[in-house]
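In each ligand, atom 1 is the first atom listed, and ligand 1 is the first ligand listed.
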Amino acid sequence: MAQPQQRKIWVAGNWKMNQSREEIRRFFESLKQNWTPTEKVAVALFPTALGIAQAQESSKGMGIQIGTQNAHWEKSGAYTGELSGPLLKEAGVNLCLVGHSERRQYFGETNQTVHLRTKSLLSQGLHVMACIGETRPERESGNTNNILQAQLEALLMAGDDSFRTQACERLVIAYEPVWAIGTGLTATPAQAEETHLWIRNWLTKSLGPSSESISILYGGSIKTESFGELLNCPSVDGGLIGGASLKASDFGSLVRTAISLA
Ligand code: PEP
């Protein structure tokens, strides 16, 4: 795990299309029972758009960032079903997930639209967590780094230098091997470290030393039992967690693991 003074360690939960308002209220009621706000670790949760207000209300004082799972690059317009940067800011949301593999797989998200969303949201002062990752056939055919390179180039090398400066200030990358998401298959610490180190080296080579501040999170079937050994990898700066973030006891335990290792 990286030194906290270099970059942030994150524990982020993606709730996908889960958690009613009542379930959110109960989640935080339970999480609060064993919770001390911390500066050591950045904690974030991504509820559905309809759950944002409840999550903000129920998590007051806990130091948890509440983000959205997606947002459009235009500020307003005829884009049915989308959210925009100004709407997020008005709702007190400062963080947005983009490019999750489920959006790429089911909703036509491409490397180019991930770039457009990221560039626009960063330029509006928001923080962005952008997901990248290879599928199983891509890993098995030895193409992991080629795929990641194409995703990173599309994400960061289009656009100008001021965009890349903003990225160094407010972007987080979540490396999520698609074969590990929701499948119960977690990358081994050795696989995670090898890939995170490759991403770190790409960032340094392409964006220079300021990219040291970009945290690289691992995501893919993280469990309370496996998180510690992933965090012990020097190039892993935290986790993006789906299934195991839905239960307050598990999420609290993941946060405590990160605090104990930070
Ligand atoms: C995710 O949705 O980003 C994720 C990593 O899910 P899971 O932990 O359930 O694999």
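Atoms of ligand 1 found under 4.0 Å from any heavy atom of G243, numbered from 1 in the order shown, are 7 (P), 8 (O), 9 (O). Close approach to A180 involves these atoms of ligand 1, each under 4.0 Å from a residue heavy atom: 10 (O). Heavy-atom proximity to S221, at under 4.0 Å, picks out these atoms of ligand 1: 7 (P), 8 (O), 10 (O). Using a 4.0 Å cut-off to heavy atoms of N14, the atoms of ligand 1 that qualify are 1 (C), 2 (O), 3 (O). Taking every heavy atom of L240 and a limit of under 4.0 angstrom, the matching atoms of ligand 1 come to 3 (O), 5 (C). In summary, the atoms of ligand 1 found under 4.0 Å from a heavy atom of K16, numbered by their order in the structure, are 1 (C), 2 (O), 6 (O). Under a 4.0 Å criterion applied to the non-hydrogen atoms of G182, ligand 1 contributes the atoms 7 (P), 9 (O), 10 (O). Heavy-atom proximity to G220, at under 4.0 Å, picks out these atoms of ligand 1: 5 (C), 10 (O).
Among protein heavy atoms, the minimum distance from atom 4 (C) of ligand 1 is reached at G242 N, 3.5 Å. Distance from atom 3 (O) of ligand 1 to its nearest protein heavy atom, with residue and atom name: E176 OE2, 2.7 Å. The protein atom (non-hydrogen) at minimum distance from atom 1 (C) of ligand 1 is H100 NE2, 3.2 Å.
Using a 4.0 Å cut-off between heavy atoms, I181 contacts ligand 1 through both its backbone and its side chain.
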- Go through the steps for L156 and L203 under the test side-chain contact (heavy atoms from CB on, under 4.5 Å), then give the verdict. CA-CA 9 Å; L156 288 163; L203 288 174; 3.9 Å; yes
- Begin from the C-alpha positions of T183 and R136 and carry the test side chain to side chain donor-acceptor pair (under 3.5 Å) through to its verdict. CA-CA 11 Å; T183 59; R136 190 175 192 140; over 6 Å; no
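Residue T183 has no nitrogen or oxygen atom sitting less than 3.5 Å from a nitrogen or oxygen atom of ligand 1, judged on distance alone.
Exactly one residue among K32, R26, R25 makes a side-chain hydrogen bond (donor to acceptor under 3.5 Å, both in side chains) with E29. That residue is R25. The side chain to side chain contact (heavy atoms under 4.5 Å, CB included) test with R104 singles out one residue from T113, V178, V114, T110, and that residue is V114.
Between F163 and H115, the ring centre distance stays below 6.0 Å. Checked against the 6.0 Å centroid criterion, the rings of Y175 and W198 do not qualify as a close aromatic pair.
Residues E57 and R21 are not paired through a salt bridge, judged by the lack of any N-O separation under 4.0 Å between the basic side chain and the carboxylate.
Residues R200 and E212 form a side-chain contact, since some pair of their non-hydrogen atoms from C-beta on lies under 4.5 Å apart.
Taking OG1 of T48 as the reference point, atom CG of N70 lies at 13.0 Å (rounded to 0.5 Å).
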